[in-house]
Each structure stands twice: as C-alpha cells, then as structure tokens.
S.K.: 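Handing you this structure, nothing more for now.
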Amino acid sequence: MELLFEILTLPKPSIFIKEFEEEIFDLIPELEKSKGFKQNNDWHIYDVYNHTLSVVDNVPSDLNLRLAALFHDIGKPDTYTEDENGVGHFYGHWDKSKELFLKFARRNRLNLKQIIQVSKLIEYHDISINSLTEEELTALLELFTREELIMLFQLKKADLLSQNTKYHNLLVGYEEQQKHVLRMKETLW
C-alpha cells in the first residue's frame with residue numbers, strides 16, 4: 001500500500017504503475033481486468049487501463065485525487081454492454097467503480113475522510129453539470145466543499161483529455177461550468 005501511495009504522488013505515476021504492475025494488481029486485482037479492455041466507443045482511443053493511467057498522470061499530484069483517478073473507471077469491465085451497432089457503453093460504471101474503491105478502502109483501512117472524498121469524486125466524475133436542474137445542482141454544491149469541487153473539475157478535465165481529441169473542445173465548457181459552480185457555492189454561504 002505504501003508503494004502505491006508513493007507512486008501516486010510522483011510526477012508521472014503511470015511509468016511506475018507499469019513497472020510495479022504485478023504488485024499493484026495484487027493490491028487492486030480489479031485493475032488488472034481493465035488492461036486490454038477495449039471500450040469500442042468513439043469517445044475512447046485507449047483501453048480502460050491506459051485511459052486510467054493517462055487520467056492519473058493528468059490530475060495534480062494530490063493523493064486523494066490520484067486515487068479517484070485510478071479508480072474512476074475501474075468498474076467499466078463489469079458494466080460493459082454493446083448496442084446493436086457494436087458501440088460499447090458503461091451505464092452506471094461510476095457506481096460500480098465506487099463500490100470497488102470502497103472494498104479496496106476497507107481492505108486497506110483507509111481513513112474515513114479519505115474514503116468519503118475519493119468516493120464522491122468517483123461517483124460524480126461523469127456527471128453532466130449542464131444537465132442538472134437547479135435543485136440537483138444545489139444538492140451537489142451542498143455535498144462538496146469548494147476544494148472538492150475544484151478537484152472534481154480537475155478529474156473531469158483529465159478524464160476528457162484522456163479521450164478522443166475530437167471532444168477536447170468541451171474543455172471550454174468545463175471552464176465555464178467550474179466558474180459558475182464555484183460562484184454558486186460562494187453564494188450558498
């Protein structure tokens with residue numbers, strides 16, 4: 001566990017995750033299932049594993065944020081379905097990913113504050129902020145601290161940057177959403 005945490009705080013964790021893959025797969029067996037798991041979706045250019053490693057590399061070096069990045073899509077292999085056109089979908093993968101993180105957290109006795117923060121980031125990483133009603137957005141703002149909202153957007157941005165480049169234009173919208181959400185958060189207090 002110490003090795004994993006040390007790796008996650010390094011400048012480019014993916015290099016060392018791959019170097020110590022066997023030890024990390026022993027610690028997180030569910031992660032091994034994502035290796036080579038094709039997403040069969042226009043949004044994704046990497047398998048689940050390499051996408052995950054890219055996200056880990058692209059978030060700031062904060063242990064909880066990197067843990068959320070490492071686990072954010074770990075439930076995808078268990079939720080994979082294909083539509084009639086052979087396009088892959090992962091409905092509810094955030095719930096499965098959160099569940100798998102919670103099992104990992106219990107096995108390794110993570111502290112409660114860390115568990116709560118990482119779980120929230122995993123659960124909400126794929127939420128479409130623009131599609132939330134005013135009531136849903138207010139509930140989200142009450143659930144997250146200002147710092148956690150910033151972390152959520154850092155995770156969302158890293159996730160998008162680790163997908164097909166033709167969708168990177170959505171980053172502009174993320175910037176606007178983040179400003180709006182943080183302004184709303186300030187007015188709640």
S.K.: Restricting to pairs with a member in residues 155-175, which pass salt bridge (charged side-chain N to carboxylate O under 4.0 Å, His left out), not counting sequence neighbours?
M.R.: Asp42-Lys166, Lys157-Glu175
S.K.: Can you give me the closest heavy-atom contact between Phe90 and Trp94, atom names plus distance?
M.R.: O-CZ3, 4.4 Å
S.K.: Provide the closest heavy-atom pair for Lys33 versus Pro77 in the form atom of the first, atom of the second, distance.
M.R.: O-CG, 3.9 Å
S.K.: Using the side chain to side chain donor-acceptor pair (under 3.5 Å) rule, take Ser54 and Asn50 through it: C-alpha gap first, then chi angles, then the decisive distance, then the call.
M.R.: CA-CA 6 Å; Ser54 178; Asn50 285 297; over 6 Å; no
S.K.: Among residues at least two apart in sequence or on other chains, which ones pass salt bridge (charged side-chain N to carboxylate O under 4.0 Å, His left out) with Glu136?
M.R.: none
S.K.: Within the 4.5 Å heavy-atom criterion, are Leu67 and Leu8 side-chain neighbours or not?
M.R.: yes
S.K.: Which atom pairs, one a donor and one an acceptor, fall under 3.5 Å between side chains of residues 103-112 and the rest of the protein, sequence neighbours left out?
M.R.:
from   : atom 1 : to     : atom 2 : distance (Å)
Arg107 : NH2    : Leu27  : O      : 3.3
Asn108 : ND2    : Phe104 : O      : 2.9
Asn111 : OD1    : Lys113 : N      : 3.1
Asn111 : OD1    : Gln114 : N      : 2.7

S.K.: Going through the checks in order, is the salt bridge (charged side-chain N to carboxylate O under 4.0 Å, His left out) test met by Lys96 and Glu99?
M.R.: CA-CA 5 Å; Lys96 186 64 177 179; Glu99 176 190 320; 3.1 Å; yes
S.K.: Got a sec, which hydrophobics cluster with Tyr174, joining ILVMFWY side chains under 4.5 Å apart, including via others?
M.R.: Trp43, Leu160, Leu161, Tyr167, Leu170, Leu171
S.K.: Kindly give the heavy-atom pair with the smallest separation between Val55 and Ser162, and that separation in Å.
M.R.: N-OG, 3.3 Å
S.K.: Could you tell me which non-hydrogen atom of Phe71 sits nearest to which non-hydrogen atom of Ser97, and how far apart they are?
M.R.: O-CB, 3.2 Å
S.K.: Salt-bridge test for Lys76 and Asp73: reply yes if a basic N is under 4.0 Å from a carboxylate O, no otherwise.
M.R.: yes
S.K.: Only pairs at least two apart or in different chains count here, so list each ring-ring contact (aromatic ring centres under 6.0 Å, His included) that has a residue in residues 126-160.
M.R.: Tyr124-Phe144
S.K.: Could you please spell out the steps behind the side-chain contact (heavy atoms from CB on, under 4.5 Å) verdict for Tyr49 and Leu53?
M.R.: CA-CA 6 Å; Tyr49 183 64; Leu53 295 184; 3.6 Å; yes
S.K.: Counting C-beta onward and ignoring hydrogens, is there a side-chain heavy-atom pair between Phe5 and Leu63 closer than 4.5 Å?
M.R.: yes
S.K.: Distance from Leu10 atom CG to Asp57 atom CG, nearest 0.5 Å?
M.R.: 10.5 Å
S.K.: Determine the minimum heavy-atom distance between Ala158 and Val59, stating which atoms define it.
M.R.: CB-CG1, 3.4 Å
S.K.: Mind listing the closest non-hydrogen atom pair of Gly75 and Leu100 along with its distance?
M.R.: CA-CD1, 4.0 Å
S.K.: Rounded to the nearest 0.5 Å, how far does NZ of Lys120 lie from CG of Leu149?
M.R.: 8.5 Å
S.K.: Just wondering, do Met151 and Arg146 contact through their side chains at under 4.5 Å, heavy atoms?
M.R.: no
S.K.: With sequence neighbours excluded, what pairs up with His51 under the ring-ring contact (aromatic ring centres under 6.0 Å, His included) test?
M.R.: His44, His72
S.K.: Do Glu135 and Thr138 come close enough that some side-chain heavy atom pair is under 4.5 Å?
M.R.: no
S.K.: Mind checking whether Glu23 and Leu4 have side chains closer than 4.5 Å, heavy atoms only?
M.R.: no
